[in-house]
Every structure is written in C-alpha cells, then in structure tokens.
2 protein chains.
Amino acid sequence: MERRERADAARNRRAILRAAEELLRMHPPEQVSVERVAAAAGVGKGTVFHRFGSRTGLMRELMAERVRELEQAVAEGPPPLGPGAAPADRLAAFLDAVARLAARNGNLIAAHEHAVATRKAPEQPRQENPIYLSWHRHVSGLIAQARPDVDAEEIAHMLLGTLHMEPIAAQLRAGRPERLAAAFATLVRALLGEEGRSDG
Amino acid sequence: MERRERADAARNRRAILRAAEELLRMHPPEQVSVERVAAAAGVGKGTVFHRFGSRTGLMRELMAERVRELEQAVAEGPPPLGPGAAPADRLAAFLDAVARLAARNGNLIAAHEHAVATRKAPEQPRQENPIYLSWHRHVSGLIAQARPDVDAEEIAHMLLGTLHMEPIAAQLRAGRPERLAAAFATLVRALLGEEGRSDG
DNA sequence: GACAAAGTTGACCAGTGGTCCATATATTAA
DNA sequence: TTAATATATGGACCACTGGTCAACTTTGTC
C-alpha cells in the first residue's frame, strides 16, 4: 500500500501551495477563490480539489506548513518553550510565540477562517482543525499543572480564541504582536501567579 | 423630513424578522438564505434587502432586538449589574448575564457571524457591530477602574471574544452557559482580585 | 512498448448575496 | 372622491462561488 505521490502530482501540489500563498499576500481572502488559485498555478480547478479535498483543506495545509517549526520547538526544543521549565514560564513563552507566529501569518489565519465559514459540503463528521487541537492540548495541560483547581480546558479556549477576534486579528495582521503578547503575560501572571513558577 | 414607515412596510418588516427567527430556530445558519427568509415571510427577496440592506443587516437587527433588555439593566437597573456596585462585582455580573444571554441565542450569534463572513459587498467603511462596541466599552471601562495598570481594552476583547470561539459557542448553543460563566468568574477573580471589590 | 494506476481537466451544477426597475400601493392634499 | 406623489414591492437577472464527475492524459513498472 502507500505508494508515493507521482512526480507530476508533487509538482502541482507545490505549484498550488505557492500560488495560493502569493495570491493571499496580495488580496483579501474572499477574493482568492479556488478557481483563481488554480489559474495562477497553471492547473485545472479539479486538480486543486483532487489534491486538497476542499478550499478549507488547501488553507489548512498552508497553515500546517508554517506551524511545524513551532511544534518542534515545543516538543523537543530548549526551555522555556520546550520541556523542562515551570508551567507558568512555558505557558508564557508559548503564548508569546503563538502571538508572534500569528502576526507573521495573520492573513492566512483569516483565509482559513473564511474558508471554514463559507464551505458548502461540511467535511466528514466534525474534523476539527488539528493545529488548534494540538495547541489547546498544550495550553490546557500547562494550566492544569499549575492550577489543578480551575477549568483549564475552558480557559485555554479563551486564551487561544483571542487569535480569532477581529479587532485583535487586525492588530496581528498589521504586524504588531506586542500588545497581545503583553495581555497574555498579564493574564498568565494573574492566573498562575507564582504557583507554577518553580516546577509545579 | 423623517416621515414614518408606511403601514405595509412595517408589517413586512415584522413578518421578515419573525420568519428569520423561526427558520433560524429550525436550521443551521448556512441553510437560512435571504431567499428562504423572504419566501417564509411571504414577501419578495428584494423587499428584504430594501428593509435591511444586506443579510448581515437583517441578522444584526435580530440581535439588537434580543439585547435591548440587558442594555437597559446595565444602564439603569439595580446593582450589581447596574450602577453602584464595585467594578469587580459589576464585571462578574455582566459577564454572567452575557453568557446566559448568549446561551439563549447561540444560533443567532452564529448566524450573524456567518453573515459577516460570507457577505459580498463590504458595508460602508468599517461599520462595526454596535452591540459589540457597547459591550466592549462597558467591560473595558470596568477593568480599567479596578486595575488601571493593565491593558483593559485588550483584555476586554479577550473576554468577549470567547463568545465567538467555536468550542465554547457549541456549549452555549446546547444551552449550558454555566461552564463559561464559571471560567469568567475565575478570570475576573484572578485579574481583579480584591482590588475592585470595595468601590474601586 | 504495453498496461494499469494515478492524475488532470473544464464544463457543469445548485446555490448564493445583491441589483434594478416596471409595477402596485399607501398616504396626503384638494 | 380623486388626483398626485412618495414609497414599497417582487422576481428576473447578474456575477460568482465551492464542489462534482466522466472522459481523457500521463507516469511508473514489468
């Protein structure tokens, strides 16, 4: 089983991703239709759906590309982002990294949201965005370590949800993550205080 | 100037709002198109656009209807929701009320978001949702009173943004505001602590 | 070179939000 | 009542969307 992708298919996949990237850099998401991406990549529209399943799938793949680096730093990089630091410090570092990552890719996040909001054929039963799931697991785990008495999952949703808030997303798209990062820091300090600081 | 709305126009406006309400109760937002609303209300599609300007405008009007009561309680009702209580208590009460209001109208919020996300003709320059603006002003003002040292505006966005988070919105749509309300309380307590408790 | 598996394609579909204007109706003044 | 005018109406129409599919082409393998 598992034959690898044919050479022409791989070439087209790359062409499509690069074309989508380029178009998103120049235009707002709602103007980047699948047909335009296909044309810019020099392939037929059907090919895009073949490779990525849906407009949403295309955007998701694009996001996944940008996120791999952070995922790795979290899993096996040096503290405070990687394992080893106290939960509160890891959390602060992670949220800071997320804010900066989001600032570098604000338009892409917007495009992904737009794709989700306008999709016609709801994907197979509740296939949630795996990036979000993984971030949520991480944040929620860190909170739970430092403060076992609070509803860590719910609060993790609140913190991460910030990235989807239009007024804040606009700040990020403008390339200014500092304000969000500072607000994250304030909340982490208020919530975890010193509890999580020395090896919770 | 300012002639009042013609009688037939007023009748149709009500019919459209009620029809939209009804459809939204039975179907997910993406299945409630302007055309369907018009048909259910027994009017032509053009009439809906005439009255409400856009799909977004229709949803906004629907939301405004449900929100008036809370607005009034905040402006002139008894404490802790209304004026008079300490900022921390007012904030806790307000967020609790918002969570409960959202739980009663989760599908409507979703419909409004969907309308914004799928609109074709961007409304006149940045006409932001006035309901959101007013809530944000309130929350942000209360935080600033109790904690002049933090970025109240940004944190207010974070708190209110929660309502738009899909996993939490799903809880609310299912009619269970308690978990969100509790998380709000945790954060308010952590952030404002006792500072805002006795007449900030 | 043959052959199957994999990939490509663009016409096509059902549907959308929004526009337009000839037509119908409510209101007011005479 | 009627005539005049401002307002309201409806639905064909538009440009466009994400997504499908059956006929066709290319690739990799033996």
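Labels below follow one simple rule: chain letters A, B, ... track the order of the sequence lines, proteins then strands, and each chain is numbered from 1.
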Answer yes or no: does a side-chain N or O of [X] lie under 4.0 Å from OP1 or OP2 of [N]?
| X | N | value |
| --- | --- | --- |
| B:Ser54 | C:dG17 | no |
| A:Thr47 | C:dG7 | no |
| B:Arg51 | D:dT9 | yes |
| B:Ser33 | C:dT16 | yes |

Residue whose nearest DNA chain C nucleotide is more 5′ - B:Gly46 or A:Ala9: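 Final value for this comparison: A:Ala9.
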Residue met sooner reading DNA chain C from 5', once B:Val34 and B:Ala7 are mapped to nucleotides: B:Val34
Report the distance from atom [atom1] of [X] to atom [atom2] of [N], rounded to the nearest whole Å.
| X | N | atom1 | atom2 | result |
| --- | --- | --- | --- | --- |
| A:Glu5 | D:dG28 | CD | C1' | 14 Å |
| A:Arg55 | D:dT20 | CZ | P | 15 Å |
| A:Phe52 | D:dG18 | CZ | P | 15 Å |
| B:His50 | D:dA6 | NE2 | P | 15 Å |
| B:Asn12 | C:dA24 | CG | P | 17 Å |
| B:Arg11 | D:dT7 | CZ | P | 18 Å |
| A:Arg119 | D:dG18 | CZ | C1' | 12 Å |
| A:Arg36 | D:dC16 | CZ | C1' | 12 Å |

Under a 3.5 Å distance rule, please check whether [X] uses its side chain to pair with a backbone N or O of [Y] as donor and acceptor.
| X | Y | result |
| --- | --- | --- |
| B:Asp89 | B:Pro80 | no |
| A:Arg179 | A:Gln171 | no |
| B:Arg176 | B:Ala170 | no |

Distance-minimising heavy-atom pair for B:Ala117 and A:His114: O-CD2, 3.3 Å
Taking every non-hydrogen atom, the tightest pair across B:Leu70 and B:Ala97: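 Result for this residue pair: CD1-CB, 3.9 Å.
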Min side-chain heavy-atom separation B:Ile168-B:Leu163 under 4.5 Å: no
Minimum side-chain heavy-atom gap A:Leu101-A:Glu69 below 4.5 Å: no
Sugar-phosphate, base or nothing in reach of B:Ala38, heavy atoms under 4.0 Å: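 Touches nothing.
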Sugar-phosphate only, base, or nothing, as touched by B:Arg6 at under 4.0 Å among non-hydrogen atoms: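 B:Arg6: base contact, heavy atoms under 4.0 Å.
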Between CD on residue B:Glu71 and CZ on residue B:Arg66, distance to nearest 0.5 Å: 15.0 Å
Stretch residues 16-23 of chain B: residues that reach within less than 4.0 Å of DNA chain C through a heavy atom: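 Within residues 16-23 of chain B, no residue comes under 4.0 Å of DNA chain C.
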Interface polar pairs with nucleotides 13-15 of chain D, N/O, under 3.5 angstrom:
none

Over-ring placement of B:Arg189 relative to B:Phe184, 6.0 Å and 45° cut-offs: no
Under 3.5 Å side-chain donor-acceptor pair for B:Tyr132 and B:His157: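 The criterion, which ignores hydrogens and geometry beyond distance, is satisfied for B:His157 and B:Tyr132.
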